[in-house]
Protein chains: 2
Amino acid sequence: MEPDRWLGLDLRHLIALKTIADTGSFGRAADRLGYTQSAISQQIAALERVVGLKLIDRPGGPRPISLTEAGQILLRHAEAIEARLHAAKADMEALSAGEAGRLRVGTFQSAGARILPVLLRRFSEAHPQVEISLQESSDEDDLLEMVERGELDVTFNTLPVSSGPFETVELLSDPYVLVVPAGSPLAAATRAPSLKEITLQPLIGFSRCRAMDAVESQLTSSGRAPNIVFRSDNNGTVQGLVGAGVGVSVAPLLTVEADDPSVVVVDLAGRIAPRVIGLAWHRDRHRSPAADAFVETAIAVCSELSAASAAA
Amino acid sequence: MEPDRWLGLDLRHLIALKTIADTGSFGRAADRLGYTQSAISQQIAALERVVGLKLIDRPGGPRPISLTEAGQILLRHAEAIEARLHAAKADMEALSAGEAGRLRVGTFQSAGARILPVLLRRFSEAHPQVEISLQESSDEDDLLEMVERGELDVTFNTLPVSSGPFETVELLSDPYVLVVPAGSPLAAATRAPSLKEITLQPLIGFSRCRAMDAVESQLTSSGRAPNIVFRSDNNGTVQGLVGAGVGVSVAPLLTVEADDPSVVVVDLAGRIAPRVIGLAWHRDRHRSPAADAFVETAIAVCSELSAASAAA
DNA sequence: AGCCAACGATCAGGTTCCATGATCGAAGCC
DNA sequence: GGCTTCGATCATGGAACCTGATCGTTGGCT
């Protein structure tokens, strides 16, 4: 049996290829990786011998290098192998931490505000030895990238998630409502405002994210782009500006403080598709018993939250 | 920036882990890989230092070794990384072959008999420089494994395919029919026989495969297991035995030689779900222009076959 | 044309790690 | 106790990675 030279391939050579592609030069890749340019040159030469193809065009002199087609194709594989290695590393670290280990959870504000308090209390009662660490971002795709790099074990996200090595479970549907200042003509209306009517108002929006883009896309399909006058990451800020009369807001129901007398919440009667909140984790990773339990608890909590809001 | 010791991980060490798991001992893994037992011992020790966990329990003396939980989890990652490397290797080899290269296609008999002649003629007229190499198997999952290992570029298969890193496209629906001996009472019946009636007959079956299992499962759901008296890989054999009066056969329409006067083809009126034939390829692999063209041509050919059989 | 800068390739040599072959330690069996 | 089976460890040679110096190519400027 002849040894397969591919098995002798050095993972560091794949990382060198990736860093060259990223930085655009052998020298800058060497700086970033803490090698000399000579080492990088030799690594790529070794990789080319394994692969049997030229991976990088070197025109000579000060002209910039470029990846060949083979180089570009191999780069995709290199990135996937690196990601898989991150997943393996994350699994080993989680196992090292053991049953009393940490569960690293990603969250964004509106999911955090309503689901997490109940969920964390319920979960911690059942698993007091498990430490939860939370990472918040206003960008769901940021959280997914962290899951992919093994930096988070599980994250809240809006579904469907961006494509990638993820598995998800749906937790709840969160309908969009129109938040208007108390005393606004829209507050007294007896029917849901049309999308076009909403676009005629100054709009207080949330920071750009996949869910927000979907809302704005739906508003735009009414024939007029929404007039966003302000964006914030912060639920309270958005609602405060509405109450102060600066504008109205299309907001997920979960983000709205219902007791606030300065605003009125107007049902949109399904004119905007509801936001679906779920949990996502890395498809390739081993699921620890703690992660399993966290997901199960989240499903139960949100089922109760949904039932409670259907009864109200 | 501290170098990540995971990047120094040697792929051969992952393969050692996999082979130990497979063979159940360091010594046999060494034999299989062409190393000494000492090398294997040191490879696993090095891997355990990288990972930070014990991967294999060595009870000592002649007692068998076993993988720890960490070992089992890492094994899954090792297998995925190896598969990805195979995909990369296959892509590089395909690129080496260039535009005039080979396209390795997997097929099974019934797809082969009816689709391939037209398809190959059409494709070769349009791409005379591309050499097609065919690999036939009666087991669709066998073909999928070869796609996964990079040994095939694309394969015919019944959909949906087994889970794995595949992408598929649907080509056509192939209804199951009952093939009975000419002169059989079932040949003269004016309505489609029930599944139970079919299970009362001696049945000539095809070799076990996912599609065949699905048929047998549907027959069994009528309350009685099918009475399989003979199995064959070969369409002609099956039909010959039916014509000789040995039994009847539930066969995909595409496999049936319609001109044979010794048998009668009975429509089953949808009592058995039709077999869906498609093409599958490796999700992680680069798709060559030749592979793209082959898929497009297959779609066109099968669209015409379906239209022709709807008109007949 | 000569000089300089930017860039990657190659060389010589030191260090690290992989693999072999021999030996040791553990455990079961007769 | 002796033998067998099995993996660990040791000593050593060879291969490959990495550094630092030098070489070759190219473009731009004077």
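Each chain gets a letter, A, B and so on, in the order the sequences are listed, and its residues count up from 1.
- The closest side-chain heavy-atom distance from B:Leu17 to B:His13 is not below 4.5 Å.
- When heavy atoms are screened at a 4.0 angstrom cut-off, B:Gly34 is found touching the sugar-phosphate backbone but no base atom.
- A:Ile65 comes within 4.0 angstrom of sugar-phosphate atoms only, judged by non-hydrogen atoms across all strands, and of no base.
- A salt bridge is defined here as a Lys NZ or Arg NE, NH1 or NH2 lying under 4.0 Å from an Asp or Glu carboxylate O, and A:Glu151 with A:Arg102 fails to meet this definition.
- Between B:Leu33 atom CG and C:dC18 atom P there is a gap of 15 Å when expressed in whole angstrom units.
- Each of A:Arg49 and A:Gly60 has a nearest nucleotide on DNA chain D; the 5'-most of these lies closest to A:Arg49.
- Among D:dA8, D:dT26, C:dC7, the nucleotide with an atom closest to any side-chain atom of B:Phe26 is D:dA8.
- With D:dC17, D:dC18, D:dT5 as the candidates, the nucleotide lying closest to the side chain of A:Ala39 is D:dC18.
- For D:dA16, the OP1/OP2 oxygens have no side-chain nitrogen or oxygen of A:His13 closer than 4.0 Å.
- Candidate nucleotides D:dT19, C:dC18, C:dT20 were compared by shortest atom distance to the side chain of B:Tyr35, and C:dT20 ranks first.
- Side-chain contact between B:Val105 and B:Phe156: present, with at least one pair of heavy atoms (C-beta onward) separated by less than 4.5 Å.
- Side-chain contact between B:Thr155 and B:Thr107 is absent, with no heavy atoms from C-beta onward closer than 4.5 Å.
- Toward the 5' end of DNA chain D, the nearer of the two residues B:Pro62 and B:Gln42, judged by each one's closest nucleotide, is B:Pro62.
- Note on B:Gln37: every side-chain N or O is 4.0 Å or more away from OP1 and OP2 of D:dC6.
- Using a 4.0 Å cut-off between charged side-chain N and carboxylate O, B:Asp139 and B:Arg208 make no salt bridge.
- Note on B:Gly61: a base of the nucleic acid sits closer than 4.0 angstrom, heavy atoms only.
- A donor-acceptor contact under 3.5 Å is formed by the side chain of B:Ser38 with the base of C:dG21.
- The A:Ser41 side chain lies nearest to C:dT10 when the options are C:dT10, D:dA8, C:dA19.
- At least one side-chain nitrogen or oxygen of B:Arg12 sits closer than 4.0 Å to the OP1 or OP2 atom of C:dA19.
- Counting to the nearest Å, the C1' atom of C:dA9 and the CD1 atom of A:Ile20 are 13 Å from each other.
- Spacing between atom CG of A:Asp10 and atom C1' of C:dC18 amounts to 12 Å, rounded to whole angstrom units.
- For the OP1/OP2 pair of C:dC7 and a distance below 4.0 Å, the side-chain nitrogens and oxygens of A:Arg58 include no atom meeting the criterion.
- Nucleic acid contact class of A:Gln43 (heavy atoms, under 4.0 Å, all strands): sugar-phosphate only.
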